[in-house]
Amino acid sequence: QLQLVESGGGLVQPGGSLRLSCAASGFTLDYYAIAWFRQAPGKGREGVSCISSRGGSTNYADSVKGRFTISRDNAKNTVYLQMNSLKPEDTGVYYCAARRYGSGSIPICGYSGMDYWGKGTLVTVSS
């Protein structure tokens, strides 16, 4: 079964850090760009960060630039989202999604046309 599984969410105080993981099973992430999305309570889903298949290209939403870092370890078939200086407005369910742009490794990533989605992990930033 092809799936993505997120982990690492939890409750953290403002200013704290969390590292989310997105692990793939049933397929290899080598040729997939990965994006992280989040959905805050009562709001729509937004793209947070993405990374190309080999990690050469990344993108961040303005709201997380300088605080979040996306990375990947293809040997472990896992993508990470390091979140520092967390704010209450970072609260939400975080999802990872994968998209293959074509054969081989293509240095682009984005937030549309995703092929696979995880079920999400909840991040709560509160004192």
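Numbering starts at 1 and runs along the sequence shown. In this text the structure is predicted, and so the values were computed from the model without any measurement.
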Is [X] linked to [Y] within one hydrophobic cluster, defined over Ile, Leu, Val, Met, Phe, Trp and Tyr using a side-chain heavy-atom separation of less than 4.5 Å?
| X | Y | answer |
| --- | --- | --- |
| V79 | V5 | no |
| V93 | V64 | no |
| M114 | Y32 | no |

Rounded to the nearest 0.5 Å, how far does [atom2] of [Y] lie from [atom1] of [X]?
| X | Y | atom1 | atom2 | answer |
| --- | --- | --- | --- | --- |
| L20 | T121 | CG | OG1 | 6.0 Å |
| S85 | D90 | OG | CG | 9.5 Å |
| T58 | I34 | OG1 | CD1 | 14.0 Å |
| R99 | S53 | CZ | OG | 12.5 Å |
| I108 | C50 | CD1 | SG | 9.5 Å |
| W36 | I51 | CH2 | CD1 | 11.5 Å |

Grab the two heavy atoms, one from [X] and one from [Y], that are nearest each other, plus how far apart they are.
| X | Y | value |
| --- | --- | --- |
| P107 | S57 | O-OG, 2.9 Å |
| C109 | Y101 | C-OH, 3.4 Å |
| T78 | L29 | N-CD1, 4.1 Å |
| G92 | P41 | CA-CD, 4.5 Å |
| Y95 | R45 | CD1-CD, 4.4 Å |

How are the rings of Y94 and F68 set relative to one another: parallel (under 30°), tilted (30 to 60°) or perpendicular (over 60°)? tilted
Within 6.0 Å of OH in Y31, more than 12 heavy atoms from elsewhere: no
[Y] side chain reached by [X] side chain, heavy atoms, under 4.5 Å:
| X | Y | answer |
| --- | --- | --- |
| S49 | L81 | yes |
| S21 | Y80 | yes |
| S17 | Q82 | yes |

Is there a donor-acceptor pair under 3.5 Å between the side chain of Q3 and the backbone N or O of G118? no
Donor-acceptor check, side chain of R72 to backbone of S52, threshold 3.5 angstrom: yes or no? yes
Who passes salt bridge (charged side-chain N to carboxylate O under 4.0 Å, His left out) against K65, sequence neighbours left out? D62
Can R54 and N74 be said to form a side chain to side chain contact (heavy atoms under 4.5 Å, CB included), step by step? CA-CA 8 Å; R54 292 298 176 92; N74 284 355; 4.1 Å; yes
Worked check of side chain to side chain contact (heavy atoms under 4.5 Å, CB included) between L4 and F27: CA-CA 9 Å; L4 295 171; F27 69 109; 3.7 Å; yes
Among residues at least two apart in sequence or on other chains, which ones pass ring pair (Phe, Tyr, Trp, His ring centres under 6.0 Å) with F37? Y111, W117
Salt bridge or not between E46 and R38? Use side-chain N to carboxylate O under 4.0 Å. yes
